[in-house]
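Let me begin by presenting the structure, written as structure tokens, before commenting on it.
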Amino acid sequence: MSILDGLNESQLEAVRTVEGPLLILAGAGSGKTRVLTRRIAFLAAEQNVLVDRILAMTFTNKAAGEMRERVEDLLERSCRGMWIGTFHSLCARILRSEAESVGLQQNFSIYDTTDQMALLRRVVRDQEMSEKQYPPRQIRARISREKNRMVDVAMFSQRASTYYEQEIARVYRQYQDALRQNNAVDFDDLLVTTVRLFQNHPEVLEKYQNQFDYLLIDEYQDTNRPQYLFAQYLAEKHKNICVVGDDDQSIYAWRGADLRNILDFEQDYPSTKVIRLEQNYRSTQIILEASNAVIRHNLGRKGKELWTERVSGDPIRLKRCQDEREEARWVSGAMQDLKQSGKYRYQNMGVLYRTNAQSRALEDGMRRAGIPYDIVGDVRFYERKEVKDILAYLKLVANPRDSVSFSRIINTPRRGIGDTSVSRLDDFAMREGLSPYAALAHLEAVETIPARAKKMMATFYEMVEAFRAEMGQLRADQLAEKIVSETGYLEEVNKLAPGEAESRRNHIQELLTDMEVFVEQSEDVSLEAYLRNVSLVTDVDQWAADADRVTLMTLHSAKGLEFPLVFICGLEDGLFPIIRPGEDGVAEEEAMEEERRLFYVGITRAQDRLFLSYAALRRRYGGTSSSSVSRFVGEIPEDLIDSEFRISEITPSRERKKTKPRPVLLPSGDAFPMERGTWVYHPAWGRGQIQNRSGTGQNTKLQIRFEGGETKTVVVKFANLQSG
DNA sequence: ATACCCTTCATTTTT
DNA sequence: TGAAGGGTAT
């Protein structure tokens with residue numbers, strides 16, 4: 001098969017445009033992955049580019065793995081030297097080889113959210129701050145947000161004006177110090193530290209700039225500030241940067257993704273060529289029309305209209321249900337009918353919802369109807385206690401300074417070492433400038449710990465020391481096996497209730513098997529090599545596509561997937577779009593647009609048929625709340641929908657108003673509609689376009705993006721705006 | 001050191 | 001509704 005076979009015109013152009021900045025706006029189902037992989041293959045096979053001079057960045061391991069595999073299929077050879085990976089894994093790789101430049105040891109640990117929380121709790125406690133007033137959860141989110149904006153401790157402290165902010169700054173500082181002492185970084189740090197490395201060590205940056213001639217980035221709409229900078233630095237010299245994304249599918253702003261990265265790409269890279277992939281190969285016309293109609297309500301977008309050669313297809317089914325139980329019955333009933341028709345199998349059906357909590361009722365319905373199902377994103381494998389415990393042993397063995405792993409296992413399985421003894425050890429370690437683990441070697445100097453606890457600690461120390469001594473000789477899986485048996489972990493598990501014990505044993509076994517597989521496939525069979533790999537993997541592909549099961553998942557998890565039949569449940573105002581009180585106008589509008597993009601993502605997952613449902617009454621948090629149909633449903637043209645009731649009949653007129661565009665308010669003076677998208681003229685700033693608005697009348701605040709590139713917020717009564 | 005009750009608190013989660 | 005963390009009683 002030739003690399004250019006079967007591509008449409010724009011795809012072909014995207015593949016062949018090799019030099020210079022390239023922005024590929026790839027609509028849902030437009031063959032984006034295909035273009036990316038062909039492009040890499042084209043570079044290698046037709047342009048004689050060495051694969052190790054190509055750097056391809058994705059967000060998930062799955063995407064990275066698939067990309068590599070497909071490129072290898074196309075080239076019919078291995079691409080071992082090619083750097084394809086997630087932003088995080090690529091950064092980790094760079095940091096490991098440049099560790100000393102950033103004050104880390106090469107074997108540093110990577111902390112996930114749970115580890116972060118554990119460390120933060122300790123920091124907050126050590127500062128004698130109340131966890132009530134400074135909930136670690138919130139502080140974690142805040143620190144993460146700051147990192148996503150490249151705000152470091154110094155900057156943050158400087159900006160902290162209120163007492164509360166100053167306290168947060170203090171925790172942020174302590175937390176970073178603690179990480180460093182633990183020879184650890186968190187997920188955000190992987191990116192931030194690499195960018196700082198590039199900023200502070202030009203010679204290192206230059207080395208990597210010279211190493212890669214071609215950059216490719218997938219899902220560019222989801223990049224945050226550090227990711228943006230990472231790519232920008234590397235592309236600085238040659239500007240051979242190709243980004244693929246869809247602004248309409250940006251659904252991770254709450255995690256730091258910055259839509260401006262894709263919206264402003266053309267300004268950031270002046271001679272950018274833009275290619276739109278608008279032919280959709282996935283969905284029927286009806287489904288596409290619905291998605292186009294919905295997304296058109298958003299203003300902050302590049303603008304795209306998807307089209308298809310597929311038939312118009314079946315109308316969208318809309319069902320109003322009494323409550324979530326009836327909704328589940330309706331969904332499962334429909335699934336059975338469709339299965340019985342012989343046209344579809346269960347694996348062709350996906351059920352999507354806004355919140356995980358909704359899965360319970362749906363699950364019940366599936367069970368009652370006897371429909372086999374999988375839930376994606378349940379408890380993740382690597383987040384299970386038993387798995388984390390075993391990994392903590394391994395991480396401590398590899399990095400003895402890792403105090404989070406240490407605290408996790410010092411008394412796991414229980415060996416009679418209580419919290420008090422551990423915190424006394426911590427105090428001692430702190431005084432002596434040692435890691436808690438290293439302090440175990442000097443127990444005789446700690447008078448406050450009772451002899452019994454000391455003895456247990458000493459035994460623990462010798463045990464781990466023995467593991468450490470063997471680390472060089474044993475394969476990763478052998479060492480893990482040893483740990484599972486010699487620590488007494490299995491015995492402890494066996495004391496649990498039979499069902500629980502079995503499930504945990506299975507997970508431990510799964511981990512061991514996973515390690516065996518790794519060892520078989522890897523040249524480097526050491527523990528360090530395994531840990532390097534595992535710290536950034538979040539779930540083993542739990543999703544067996546061959547089983548005939550329906551899939552239940554959140555709309556977020558559905559991105560990138562497709563199903564012949566898609567059910568979107570819980571389409572109620574307040575639930576989807578989810579509405580959180582207490583946000584100001586601008587943020588609210590932005591949040592609404594993101595919700596709409598999420599709905600757009602949901603709709604465009606469907607190939608053949610789309611089913612929508614909502615419940616008039618829904619139990620939420622114990623209580624019951626009544627709600628009306630989602631405003632998003634009203635954005636789908638009625639003639640595409642087939643429901644027992646027309647929407648106009650089921651929606652009281654009072655509710656219906658909400659789904660209509662807001663009345664346009666005119667300011668006095670030079671009249672122009674104060675709605676988003678309108679062009680205005682500002683005496684000082686010149687021409688600009690309204691991005692957002694909040695408030696009413698003369699007090700309305702408008703966020704305006706001016707032609708100079710700046711975005712300002714102005715109050716109508718002071719701004720003296722004119723129609724532009 | 002641990003078992004059990006009580007309070008609190010709830011979107012989404014690629015790494 | 002129910003999970004998770006904290007506090008108290010054993």
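Naming convention: chains lettered A, B, ... in sequence-line order (proteins, then strands); numbering from 1 in each chain. Note: hydrogens, waters and symmetry copies are ignored here, and every other heavy atom, side chains too, is used.
- Screening A:Asp186, A:Asp152, A:Asn224, A:Thr193 against A:Lys147 for a side chain to side chain donor-acceptor pair (under 3.5 Å) leaves a single residue, A:Asp186.
- Between A:His556 and A:Tyr252, a ring centre-to-centre spacing shorter than 6.0 Å is recorded.
- Residues A:Ser359 and A:Tyr353 share a closest heavy-atom pair of CB-OH, 3.5 Å.
- Here the side chain of A:Thr420 is nearest to one of B:dA10, B:dA1, B:dT2, namely B:dA1.
- At a cut-off of 3.5 Å, with distance as the only test, a side-chain donor of A:Asn399 or A:Ser109 sits close to an acceptor on the other residue.
- B:dT14 and C:dA3 have their C1' atoms separated by 25 Å, with the value rounded to a whole Å.
- Of the residues in residues 350-363 of chain A, those lying under 4.0 Å from DNA chain B by heavy-atom distance are A:Arg354, A:Thr355, A:Asn356.
- Across A:Leu555, A:Asp246, A:Leu259, a single residue satisfies side chain to side chain contact (heavy atoms under 4.5 Å, CB included) together with A:Arg597, and that is A:Leu259.
- Counting any heavy atom pair closer than 4.0 Å across all strands shown, A:Phe87 reaches no nucleic acid atom.
- Distance noted for atom C1' between B:dT11 and C:dG6: 25 Å (whole Å).
- Within the nucleic acid shown, A:Thr58 has no heavy atom closer than 4.0 Å to any nucleic acid atom.
- No contact: A:Arg619 has no heavy atom under 4.0 Å from any strand.
- Residue side chain A:Arg255 does not reach the base of B:dT11 through any donor-acceptor N/O pair under 3.5 Å, judged by distance alone.
- Proximity note for A:Trp254 (side chain, C-beta onward) versus B:dT15, B:dA3, B:dT12: the nearest is B:dT12.
- No side-chain donor from either of A:Thr412 and A:Asp389 sits under 3.5 Å from a side-chain acceptor of the other.
- At a cut-off of 3.5 Å, with distance as the only test, a side-chain donor of A:Tyr111 or A:Asp402 sits close to an acceptor on the other residue.
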Short N/O separations, protein against nucleotides 5-7 of chain C, under 3.5 angstrom:
| from | atom 1 | to | atom 2 | distance (Å) |
| --- | --- | --- | --- | --- |
| C:dG6 | OP1 | A:Glu131 | OE1 | 3.2 |

Write down the protein N/O and nucleotide N/O pairs, taken from nucleotides 8-10 of chain C, whose separation is under 3.5 Å; answer none if there are no such pairs.
none

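- No side-chain donor-acceptor contact under 3.5 Å links A:Glu572 and A:Ser630.
- Using a 3.5 Å distance cut-off with no hydrogens or angles, the side chains of A:Glu146 and A:Tyr172 do not pair a donor with an acceptor.
- A donor atom on one side chain and an acceptor atom on the other are not found under 3.5 Å apart for A:Ser625 and A:Arg619.
- Residue A:Gly416 is in sugar-phosphate contact alone, with no base atom involved, counting any heavy-atom pair closer than 4.0 Å across all strands shown.
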